[in-house]
Novice: 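Let me begin by handing over the structure; questions about it come next.
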Amino acid sequence: MNRVTNMSSSKMLLNNINAKARSLVGAQERIASGKQIQRPSDNPAQVLSALDYRGQLRRNEQQERNSNDARTWLDSADRALTHTVERTERIRSLMLGALNASSGHQARMAYAAEIDTIREELLQTSNTQHLSRPIFSGTEGVADAYDADGYYLGNAGVVERNVADGVTIQVNRSGPAVFGDEATPANPGDALTTNELLDGNLFQVLTGISEALRSGDMEAASAGLTKLDAATDRIEAAQVELGARSRQVEEIGFRNLEINVQLKAALAEVEDIDMAESLIEVQVQEMAYQAALSVTGKVIQPTLLDFLR
Amino acid sequence: MSNFSALQTALSGLISHQQALQTAGHNAANAATAGFSRQRVDLMSAGGGVVPAVWSKSDGIGNGVKVAGLIRIRDEFLEARALNEIGKGASLTVQHSVASRIEMIFPEPSDVGIAHQLAELWGAFDDLANQPGAQAPRIALLERARTVTDELNRGATELHNLHRSSVDQANALVHEVNATVARVAELNGAIRNATAAGLSPHDLADQRDRLIERLGEIAGVTTRAGELGTMDVYLGGSALVRGDRFEELALVDTDATPPGGTPDPNAPELHRYSVQWAKDGYPAIVTSGEIGGLLEATNVMVPHYLDELNAVAAALASHVNSVHQSGFDLDGTAGEDFFVGDASGVGAMNIKVNPALQSDPNKIAAASADANDPSQSAGTLDAGNATALAKLGERGLYPNGPDALYSRLIGGLGIETQALARRNAIQIEVTSQVDMARESVKGVNIDEEMVAMVQAQHAYAASARLMTAIDEMLQTLIHSTGLVGR
């Protein structure tokens, strides 16, 4: 530049001051917001990563919620089955007492009455609900899984929870899978005979046993004991299975937590500023701005006019 | 050589230097005037008579000084370059500001943008899967879905608004061009008349060139010097101003429905606009300047992002609807459309949650079809379909799903805005350098003017002293000669 004119020098100085002020404001904005990317153009690649991490994080949190729900579901099933097994033990000991030759008619009637009461209790347990929904009724929209006669009201539907990407866990067991297949009368509408009852599900077996004890049919009663053992085995098998699933869900939950921490760290890495670096940046920019201001103050003042008499 | 000729020499010095002094004063007074070109008095020594006559002979000594002319100091090459760079710069600045405004419509990454709302929607489907029989998750899901559609509607509306305001702005600028060219032509006429009369209408020329610079900023024009100090202005090769005549421009909606005609079904959602010559309707080529930038924004940038947003809305509707329709609702009937648009299809502007679902949340099809009988629900409390819907949000599973398309939109927007910001910054630097270069030629330096002033002042004083000297000489001659022996 050959000549320096007043307009060009003031324009240049003004440009410099503006540029410094812009950098300073940018650095201050980053500190104030704590974010290094505020809009897509700040760093398109990082913004896309941030969007991706945020989506994954939201999904991860949802899966955590799903696995919590899965655990409460599995836990209520486990409680119900534990209780059922306990009560069947009691029935077993009652039956052993009843089958003892020394027991008289009166005693057997008493045994039968207690078995009936326990059956009622078990029926109630089988209708255990989770979030106002019976847990053993499959996917059928019914209030109870079993009616008072021990007939299954639900279906074989599967209830699943998506607990991790690509991992779906079945959280339910349908009634028949736990309590056994029910018996149906040969002619619809007929009442079931004692022997038919003994081929049915747990509740029907219990009805059958009670009937056998009351009528003194000891042969049927001891057959019922075998059926009861089989039913208990099935329930215990279901309990083991559900327990294993509960542990699996728990482990996946731990892993979800780890992933959550990792994702949050990755998101912070992409989105958040390095505070120390940014503070130094602000200091540097502030110094540059002040230097520009003081230089401008010195340069703009003198002209030849100051020196002419 | 007469006695008085030396007085004339002194007088020529007085007159010329007074003019030089006045010019220095004029320059100093305009030190801060934008677009002012400094002026110089071109002094020339006045020689003696060139052709000797019998009684009039030149002794070879000159006859003082004369003002040959008043020069306006500027570099036409730098001026032309500056005009070009100003046009480009204005176009980029406008494009960058439009891109930044589009960016503001999509506040990402944040907890309020569409990306977040979509993630919340997928989460709401999962919540429904956990409790397919309850009302609360169904209502929450509908609210989430409505937030997403509201957000899409808002984005589309704001893009429409941006388009409209760009058109309004371009229209106002076209009017400004028309007013400015009329004024330039008028000044050209005045300059031509003054120049023809032997005057130096430099300040009129400054005024005119400043207007032409504004034309360059608005529409990116080029200039060519005409006769008698006039300046012709060209827009894309056609004359906008020639001498004292000018042409007007008009901004035209090229997709508009002709009066009494039927709307073109293929017309884009956002109409395209072009600048035409008012007299014959031929398209005028405007590629730079603010209008050039606004046309780019109106015809290319904003429609592009609206298309992408429409694609997001369409993908959202098609993905969700196809899964939703394969499911069954609480009453065991097959699912309907979850998202609907209007008769023209589903776009970001018109997407909404199916009103039938809004009024009856039980119609949300959470259950999937029975494995043995696809025409039947797998069970009232089955949640297979809700899980399938929630899976639509899983990353990487749906390369053309709404999340992927939206990410692509944001990525493209970020890259374009960043590139425009960089190009704009570079252009500003280039423009300011060219500006500085031409300012260094034509701008006023007060020190320089002070020197010129002191110089002229001294020369004036010297001429005055000469006049005194001659006066004294004449006084000696008249009063003191011829008195011998008195």
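Each chain gets a letter, A, B and so on, in the order the sequences are listed, and its residues count up from 1.
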Novice: Where does A:Val158 contact chain B at under 4.5 Å (heavy atoms): side chain, backbone, both or neither?
Specialist: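 Backbone only.
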Novice: With a 4.5 angstrom heavy-atom cut-off, which part of B:Val454 approaches chain A: side chain, backbone, both or neither?
Specialist: side chain
Novice: Answer yes or no: does atom CZ of B:Arg74 have more than 12 heavy-atom neighbours from other residues, nucleotides or ligands under 6.0 Å?
Specialist: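 Yes, the 6.0 Å shell around CZ holds more than 12 heavy atoms from other groups.
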Novice: Considering non-hydrogen atoms only, spot the tightest contact between A:Val47 and B:Pro109 and give its length.
Specialist: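 Closest heavy-atom pair between A:Val47 and B:Pro109: CG1-CD, 4.0 Å.
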Novice: Is there side-chain contact between B:Met453 and A:Leu304, with heavy atoms separated by less than 4.5 Å?
Specialist: no
Novice: Apply side-chain contact (heavy atoms from CB on, under 4.5 Å) to residues B:Ile446 and A:Asn6 and explain how you reach the verdict.
Specialist: CA-CA 7 Å; B:Ile446 289 182; A:Asn6 295 69; 3.6 Å; yes
Novice: Under a 4.5 Å heavy-atom cut-off, does chain A meet the side chain of B:Ser407, its backbone, both or neither?
Specialist: both
Novice: Mark yes when over 12 heavy atoms from residues, nucleotides or ligands other than B:Arg423 sit less than 6.0 Å from its CZ; otherwise mark no.
Specialist: no
Novice: Heavy-atom count check: over 12 atoms from other residues, nucleotides or ligands less than 6.0 Å from A:Gln124 CD?
Specialist: no
Novice: Pick from A:Asn43, A:Thr139, A:Asp69, A:Asp52: which one has the most heavy-atom pairs with chain B under 4.5 Å?
Specialist: A:Thr139
Novice: So which part of A:Arg39 gets closer than 4.5 Å to some heavy atom of chain B, the side chain, the backbone, both or neither?
Specialist: both
Novice: Should the pair B:Glu439-A:Arg3 be classified as a salt bridge under the 4.0 Å nitrogen-to-oxygen rule?
Specialist: no
Novice: Find the one option among A:Val159, A:Asp165, A:Asn162, A:Asn155 whose heavy-atom pairs under 4.5 Å with chain B are most numerous.
Specialist: A:Asp165
Novice: Answer with side chain, backbone, both or neither: which region of B:Arg408 has an atom nearer than 4.5 Å to a non-hydrogen atom of chain A?
Specialist: neither
Novice: B:Ala115 versus chain A, heavy atoms under 4.5 Å apart: side chain, backbone, both or neither?
Specialist: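 Answer is side chain: those atoms of B:Ala115 sit under 4.5 Å from chain A.
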Novice: Relative to chain A, which segment of B:Ala383 carries a heavy atom at a distance below 4.5 Å: side chain, backbone, both, or neither?
Specialist: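 Answer is neither: B:Ala383 stays 4.5 Å or more from chain A.
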Novice: Relative to chain B, which segment of A:Asn15 carries a heavy atom at a distance below 4.5 Å: side chain, backbone, both, or neither?
Specialist: side chain
Novice: Between B:Asp127 and A:Arg65, does any side-chain N to carboxylate O distance fall below 4.0 Å?
Specialist: yes
Novice: Taking all non-hydrogen atoms of both residues into account, name the closest pair between A:Arg54 and B:Asp111 and its distance.
Specialist: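 Shortest heavy-atom separation between A:Arg54 and B:Asp111 comes out as NH1-OD1, 2.7 Å.
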Novice: Less than 4.5 Å to any heavy atom of chain B: does that hold for the side chain of A:Leu51, its backbone, both, or neither?
Specialist: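 Both the backbone and the side chain of A:Leu51 come within 4.5 Å of chain B.
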Novice: Are B:Thr387 and A:Glu160 close enough that a side-chain donor and a side-chain acceptor fall under 3.5 Å?
Specialist: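 No.
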Novice: So for A:Gln38, is it side chain, backbone, both, or neither that comes closer than 4.5 Å to the heavy atoms of chain B?
Specialist: backbone
Novice: Please find the pair of heavy atoms, one from B:Met436 and one from A:Ser8, that lie closest to each other, and give the distance.
Specialist: SD-O, 3.5 Å
Novice: Which residue out of B:Glu103, B:Gln418, B:Met450, B:Arg38 racks up the most heavy-atom pairs below 4.5 Å with chain A?
Specialist: B:Glu103
Novice: Check this for me: A:Gln170, atom CD, are more than 12 non-hydrogen atoms of other residues, nucleotides or ligands nearer than 6.0 Å?
Specialist: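 Enclosed.
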Novice: Does any N or O in the side chain of B:Asp126 come within less than 3.5 Å of the main-chain N or O of A:Gln62, such that one atom is a donor and the other an acceptor?
Specialist: no
Novice: Could you tell me which non-hydrogen atom of A:Ser41 sits nearest to which non-hydrogen atom of B:Thr417, and how far apart they are?
Specialist: CB-CB, 3.5 Å
Novice: To the nearest 0.5 angstrom, please state how far the CD1 atom of A:Ile37 sits from the OG atom of B:Ser110.
Specialist: 11.0 Å
Novice: Using non-hydrogen atoms only, which part of B:Ser377 is less than 4.5 Å away from chain A: side chain, backbone, both, or neither?
Specialist: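 Contact with chain A is absent: no heavy atom of B:Ser377 under 4.5 Å.
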Novice: From B:Asn30 CG over to A:Met7 CE, what is the distance, rounded to the nearest 0.5 angstrom?
Specialist: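 The distance works out to 9.0 Å.
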Novice: Given heavy-atom pairs under 4.5 angstrom as the criterion, report whether the side chain, backbone, both or neither of B:Asp403 touches chain A.
Specialist: neither
Novice: Using a cut-off of under 4.5 Å on heavy-atom pairs, state which of B:Glu449, B:Lys391, B:Glu416 scores highest against chain A.
Specialist: B:Lys391
Novice: Is it the side chain or the backbone of B:Ser100 that comes within 4.5 Å of chain A heavy atoms, both, or neither?
Specialist: neither
Novice: Measure A:Thr168 against the heavy atoms of chain B and call it side chain, backbone, both or neither at under 4.5 Å.
Specialist: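 Contact with chain B: side chain only.
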Novice: Within the structure provided, determine whether B:Leu381 and A:Glu140 are in side-chain contact (heavy-atom separation under 4.5 Å).
Specialist: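 Counting from C-beta outward, B:Leu381 and A:Glu140 never come under 4.5 Å.
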Novice: Specify the closest pair of heavy atoms between A:Arg58 and B:Glu120, including all atoms of both residues, with the distance to one decimal.
Specialist: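 Closest pair (atom of A:Arg58, atom of B:Glu120, distance): NE-OE2, 3.1 Å.
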